[in-house]
Amino acid sequence: MANAKQLLKNSLDELVDAELKEFQWYLINDHRDISKAEMENADRLKTVDKMVSCFGPKGAVKTTVDILRKINQNELAEELENKHKQGAVLETCKSPPFDYTNTSRELKKKLKEDYEKILVGNSQTGHKKYLEDIYTDLYVVENETGGRERQHEVIQMESKHNQQDRPLKCNDMFKVQPDTGRKHRRVLTLGIAGVGKTVSVNKFILDWADGKDNQEIVFIFPLPFRRLNLIKEKKYSLIGLLNKYFFSSGELSSLPKKQGKVMFIFDGLDEYRFKLNFKKDDGFTDVNKEMTVSEIITNLLKRHLVPSSLMWITSRPAASSLIPRDLIDQVTEVRGFNDEQKEHYFIKNSSPEVARNIIGHIKKSRSLYIMCHIPVFCLVSLTVLQPLLGQESNEKTPTTLTEMYINFLLSQKQQMKEKYRNDTESEANACSFDEIVLKLGKLAFKQLQKGQLIFYKTDLEKCGLDVRQGSVFSGLCTRMFQEENHYSGEQVYSFVHLSVQEFIAALYVFFTYKNKKANLFLDSWKKELKWKLSEKPLFKLHTAAVKKTLQSKNGHLDLFLRFLMGLSLESNQSDMKELLPWLKLKTDMIKDTTDYIKKKIEEENSAERTINLFHCLNELNDDFVEELQKSLSSGNLTAQDLSSAQWSGLVFVLLMSEEIQEKFELQKYRRSDEALMRLIPVVKNTTRAL
Ligand SMILES: Nc1ncnc2c1ncn2[C@@H]1O[C@H](COP(=O)(O)OP(=O)(O)OP(=O)(O)O)[C@@H](O)[C@H]1O
């Protein structure tokens, strides 16, 4: 029996050249993923290959039938349709189960190449390291009730009874659970920014591609949301999408049907820019049917498409509610490094001597040591502290998020200077680091507002950045997804880590306020004028930023807001001056802002948002512990209702607070045994637990 490619070739052979041209014209105009250039000199064979790689075999037959009808080749269309149907029937009746061994091997080879190295966001421009060399085990827990919706409070409280977080190995996440004998098929993994979700996913993929674990899975398809954003509203069949990303010659024509043989990994739900509509009752079951990426995702999750597949989704907690919890079998949380893992990270990522110095140094500053439970802070600490290690005294150790990132940028500046020291041509680049930071800031802010985390050359140019300048990429911004260039013909860029984009965006907003007297949240000159004439412009800027942040459904401005608050603190501004020498210093009052945030905390329903507002108060050096206690006991932030990820956030913000070191009024928090358990790290660090 002829395969789809042969059938298509036979049909196109029947067309004369002018008809073929007309056929290709429809192909280009009806399907945006086939470009004019690709069809320019394409003969029949090339046209067939292109269609199969874009739409998959079944989709290509359907497309051909449709176009043949449009060009009045109805008989040919019918013949093709019938022959293809007969073939499909024969195949299901007679053919033995499809052998996926070679396709699986090919996928493993590709994924190994793609995932064996990760970009390490330090100043060695776009430097990649072997994942195995930097990877340190993370603390991941199983948490069945984490982040449940409020309407399920009763069930949540019941199921939480007697339940504790269980540490879990990522590689075991989809295996039969030893205690219950169950196998989870839809897992949602939560974790705060930079805690290691992407790295965990990458390690899982690499271990599979290397043949080390989870070998019963035949295909793993990593589809990061960041990359899916690039597809925009373009329609693909699932098979077409997989062929586009993983099989350049379009050889994937079907998927294994047995349970657990195919796995989809969607990393970074918080970064997805399109709506996921779970209410729409589309029920698409055909892997060859063209649909939007959002429809592919919702239909996979609702078990319409490839119902036997495994799915792993990762997200920052603020965006986790975008997926209805009844579609998820298991929620897990990446908690970052425990103390032992932190130290192991530094040992693995530097020489033993340097590691000893760094560990000694961060241990002296309790807050910094705590912050290092987040791997991206370990990375920042490594970058910031390495150059300081030669000196005897380590004057100022950063203690807040904002201080850490200011220092991170300063160290980038220093390293860039050293890099270009003997390079006269590039010296100019090194000198204008501050200028580059502001231009990158403009880019970061504009794009962050739109929820855009990857940009094109034109976006960079609009902000005055010349991509040919090597320094643009120095540790802050990087070229990414090389394979995308292949399809779109355009280079794609992003910041080395989302938190870097969030920080630089805040720096830009603050600098524009200070030096240009402008409020970037205002959209009309009338509002701008009113703001300029107001008595408290900084307060007004802050309130606009808080409002905007609270409006966001997926919390995409949360970290930005924390940075903006941190930068407004006078003590941080002298460090910033080193970064941006022409920054105008003037003391601003922040009391109005802290009062406003406290008012918002009282009004806010979402625990995530409330915790972020507490973080903001902490960045502003406010003594907010009283406030937090009030929130917990008033029921506004009810202790029993907090999910695991929310507890982590709360404990983190408590540990960061200087106030809590002095005294910690345990009785005010003790609403349940569980609450007490969760707060143990806080108690341990308190000099006097009341
Ligand atoms: N297990 C690990 N071992 C070593 N380094 C790690 C590990 N996990 C994370 N890192 C470091 O921290 C950085 C941030 O981690 P990652 O991108 O996985 O965070 P994330 O949770 O996906 O964050 P976000 O929500 O902001 O995307 C990595 O680029 C890496 O340098």
Side-chain angles (χ1 to χ4, degrees), residues 115 117-124 126-140 169-171 188-207 222 224-227 229 265-272 312-320 332-338 340-350 355 371-384 401 404-405 408 448 451 453-454 475-476 478 480 494-503 505 554-560 562-563 608 612 645 648-649:
Y115 287 86
K117 286 183 172 181
I118 69 160
L119 184 77
V120 179
N122 61 24
S123 67
Q124 285 118 16
H127 184 66
K128 283 192 161 188
K129 283 194 171 177
Y130 281 101
L131 180 59
E132 285 298 342
D133 291 347
I134 68 131
Y135 183 81
T136 307
D137 265 335
L138 283 157
Y139 190 61
V140 182
K169 281 200 168 62
C170 283
N171 278 354
L188 173 66
T189 296
L190 304 178
I192 55 175
V195 81
K197 299 180 292 295
T198 302
V199 170
S200 302
V201 159
N202 292 5
K203 180 77 166 70
F204 185 98
I205 297 166
L206 190 62
D207 283 351
F225 282 104
R226 185 177 276 235
R227 181 187 295 188
N229 283 336
I265 303 184
F266 294 97
D267 184 28
L269 174 64
D270 46 289
E271 299 179 18
Y272 192 49
W312 188 8
I313 298 164
T314 72
S315 175
R316 287 186 183 178
S320 71
T332 61
E333 189 199 349
V334 181
R335 292 261 175 93
F337 294 146
N338 60 27
E340 200 184 315
Q341 288 162 340
K342 274 176 215 172
E343 299 190 10
H344 195 227
Y345 172 91
F346 289 111
I347 293 166
K348 209 166 173 184
N349 285 278
S350 57
M371 281 216 288
C372 280
H373 90 266
I374 304 178
V376 81
F377 283 130
C378 290
L379 176 68
V380 172
S381 305
L382 197 68
T383 320
V384 170
L401 191 76
M404 276 299 281
Y405 277 74
F408 178 59
L448 187 67
L453 313 172
I454 46 177
L476 303 175
T478 177
M480 63 180 291
S494 93
F495 284 91
V496 286
H497 192 265
L498 184 51
S499 58
V500 173
Q501 178 175 355
E502 291 156 326
F503 175 70
N554 60 357
H556 73 294
L557 294 173
D558 282 0
L559 218 56
F560 160 84
R562 271 155 74 177
F563 285 131
E608 297 302 341
N612 194 54
S648 303

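Just so you know, these numbers use all the heavy atoms, side chains as well, and skip hydrogens, waters and symmetry mates. Values in this document were obtained by computation on a predicted structure and should not be read as measured data. In each ligand, atom 1 is the first atom listed, and ligand 1 is the first ligand listed.
In terms of N/O distances under 3.5 Å, ligand 1 is approached by T136. The N/O atoms of K197, backbone and side chain alike, include one that comes under 3.5 Å of an N/O atom in ligand 1. Residue-to-ligand polar distances place R316 within reach of ligand 1: an N/O pair is separated by less than 3.5 Å. Close N/O approach between T198 and ligand 1 is found [any backbone or side-chain N/O within under 3.5 Å]. Backbone and side-chain nitrogen or oxygen atoms of G191 are examined, and none is located within less than 3.5 angstrom of a nitrogen or oxygen of ligand 1.
Set against the non-hydrogen atoms of L379, the atoms of ligand 1 under 4.0 Å away are 31 (O). Per-residue contacts place P375 under 4.0 angstrom from the following atoms of ligand 1 (heavy atoms of the residue considered): 6 (C), 7 (C), 8 (N), 9 (C), 10 (N), 11 (C), 12 (O). Contact atoms of ligand 1 toward L138: 1 (N) (distance under 4.0 Å to a heavy atom of the residue). Close contacts between ligand 1 and Y135 involve ligand atoms 1 (N), 3 (N) [criterion: under 4.0 Å to a heavy atom]. Interface of Y345 with ligand 1, defined as ligand atoms under 4.0 Å from a residue heavy atom, comprises 4 (C), 5 (N).
Atom NZ of K348 sits in a crowded spot, with more than 12 heavy atoms from other residues, nucleotides or ligands closer than 6.0 Å.
Annotation: the span from H344 atom NE2 to N338 atom CG amounts to 11.5 Å, rounded to 0.5 Å. The structure places OH of Y345 at 6.0 Å from CD1 of I134, a figure rounded to the nearest 0.5 Å.
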Practice item. Could you go through the side-chain contact (heavy atoms from CB on, under 4.5 Å) check for N229 and Y272 one step at a time? Key: CA-CA 6 Å; N229 283 336; Y272 192 49; 3.3 Å; yes
Exercise for review: List the steps and the verdict of side-chain contact (heavy atoms from CB on, under 4.5 Å) for F346 and S381.
Suggested key: CA-CA 10 Å; F346 289 111; S381 305; 4.3 Å; yes
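Here the shortest heavy-atom distance to atom 28 (C) of ligand 1, taken over L131, V199, L382, L498, belongs to V199.
K203 has a carboxylate O that lies under 4.0 Å from a charged side-chain N of D207, or vice versa, which qualifies the two as a salt bridge.
Just one of V140, V199, L138, T189 meets the side chain to side chain contact (heavy atoms under 4.5 Å, CB included) condition when paired with C170; it is V140.
Under a 3.5 Å cut-off, the side chain of N202 and the backbone N or O of Y115 do not form any donor-acceptor pair.
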